[in-house]
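Contents: one structure, followed by commentary.
Excluded from the calculations below are hydrogen atoms, water molecules and symmetry mates; all remaining heavy atoms, backbone and side chain alike, are included.
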Amino acid sequence: SVEILEEKIDTGNFGMPIRYYYVNSSDKEELEMYAHWHNEIEIQMFVKGSSYTTIDNTEVFVDEGDILFIPSQSIHFGCAKPPKLEMHTIVFYSEVLCPANREESVQKYFIPFINRTAVIPYVLHTTDRGYNEIKECILQIANLANEKPKFSQLKIMNCLYSVFINLYEFDYVKVRE
C-alpha cells in the first residue's frame, strides 16, 4: 500500500524552513534510495556521481552537476552509480512558499505546486537554460543552512523564491488545467 512507502521526516531544523543535508558517501547501502514518498518537495544537486532515479514510474538519469526536482507526494527511488555520490539535498513543504494571506501572486505561482497542477522537468542538466542561476541559489541555501548566519531563515526563503522565479522565467513550469 502507498501508506507503507510514506517517509515521515521532520522538515526544517534549527528554526529553518527547510531540511538540508549533504550526502558524501561511497557506502553501497547509502548509494541506494528505496521507494518512498513524502509531502515535501525535494531538490537534489549532484556534486559527484550519477544516478538512475525513478519518479512516479518515470526513470531519469541524473549526471554529475545535474539538479533533480522531486514533486511532493511522488513515489521515488534510485541507485547511484558507484564508486561515490556527493549531493546537496533540500526538502521543504510547498506551503512554506505561501504566506497565510494567499495574495494574488501566491495564488498564481505557488498554489499550483501545492495542488500538483504545476509540472516541471525532473532533471535540469548543466547545459540547460537557467541552470547556473538555479545552481547558485541551491549553493547559497547549502551555505546558509550550514553556517546559520543572522537572518538565515529569511535568506533561505529568498533563495527558494529565486529558484522558482528562475523556473518560471526560463519557462520550465507548465500548469495543467
How long is the gap from [atom1] on [X] to [atom2] on [Y], to the nearest 0.5 Å?
X: I111; Y: S105; atom1: CD1; atom2: OG; answer: 10.0 Å
X: D66; Y: K135; atom1: CG; atom2: NZ; answer: 11.0 Å
X: I156; Y: K148; atom1: CD1; atom2: NZ; answer: 8.0 Å
X: H88; Y: N143; atom1: NE2; atom2: CG; answer: 9.5 Å
X: N166; Y: D171; atom1: CG; atom2: CG; answer: 13.0 Å
X: H36; Y: I75; atom1: NE2; atom2: CD1; answer: 10.5 Å

Task: side chain to side chain donor-acceptor pair (under 3.5 Å) assessment of H125 paired with Y131 - done: CA-CA 7 Å; H125 300 287; Y131 169 84; over 6 Å; no
With hydrophobic residues grouped by side-chain heavy-atom distances under 4.5 Å, do [X] and [Y] end up in a single group?
X: F61; Y: M45; answer: no
X: L154; Y: Y20; answer: no
X: M33; Y: I67; answer: no
X: V163; Y: V119; answer: no

Taking atom [atom1] of [X] as the centre, report whether more than 12 heavy atoms of other residues, nucleotides or ligands fall under 6.0 Å from it.
X: K108; atom1: NZ; result: no
X: K48; atom1: NZ; result: no
X: Y34; atom1: OH; result: yes
X: Y172; atom1: OH; result: yes

[Y] and [X], any side-chain heavy atoms less than 4.5 Å apart:
X: V91; Y: Y93; result: no
X: L31; Y: K81; result: no
X: I43; Y: T89; result: no
X: I18; Y: V96; result: no
X: L97; Y: Y109; result: no
X: F46; Y: L85; result: yes
X: S50; Y: E64; result: no
X: L68; Y: I55; result: yes

TODO: Test side-chain contact (heavy atoms from CB on, under 4.5 Å) on Y22 and V47 and set out the steps.
DONE: CA-CA 10 Å; Y22 188 77; V47 176; 3.9 Å; yes
What closest approach, in Å, do [X] and [Y] show between heavy atoms, and which atom pair accounts for it?
X: C159; Y: L144; result: SG-CD1, 4.2 Å
X: S26; Y: P83; result: CB-O, 3.0 Å
X: S72; Y: N39; result: CB-O, 3.1 Å
X: C79; Y: S51; result: O-OG, 3.4 Å
X: Q73; Y: D56; result: O-OD1, 4.5 Å

TODO: Run through T58, I70, V60 and flag the one making a side-chain contact (heavy atoms from CB on, under 4.5 Å) with H76.
DONE: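 By the side-chain contact (heavy atoms from CB on, under 4.5 Å) criterion, H76 pairs with just one of T58, I70, V60: I70.
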- [ ] Using the test ring-ring contact (aromatic ring centres under 6.0 Å, His included), find all partners of F77 that sit at least two apart in sequence or belong to another chain.
- [x]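 With sequence neighbours excluded, F77 shows a ring-ring contact (aromatic ring centres under 6.0 Å, His included) to no residue whatsoever.
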TODO: Would you check if the side chain of R176 reaches a backbone N or O of P112 as a donor-acceptor pair within less than 3.5 Å?
DONE: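 Pair absent, no side-chain N/O of R176 close to backbone of P112.
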TODO: Check step by step if side-chain contact (heavy atoms from CB on, under 4.5 Å) holds for S74 and R116.
DONE: CA-CA 10 Å; S74 293; R116 292 184 43 105; 3.2 Å; yes
TODO: Could you label the plane-to-plane angle of the F164 and F110 rings as parallel, tilted or perpendicular, counting under 30° as parallel and over 60° as perpendicular?
DONE: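 Answer is perpendicular, since the angle exceeds 60°.
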TODO: Any chance you could lay out the side-chain contact (heavy atoms from CB on, under 4.5 Å) test for F92 and M157, step after step, and finish with the verdict?
DONE: CA-CA 11 Å; F92 60 96; M157 290 302 298; over 6 Å; no
TODO: Could you check Y122 against F69 for ring-ring contact (aromatic ring centres under 6.0 Å, His included), going step by step and ending with a plain yes or no?
DONE: CA-CA 5 Å; Y122 292 136; F69 294 96; 9.6 Å; no
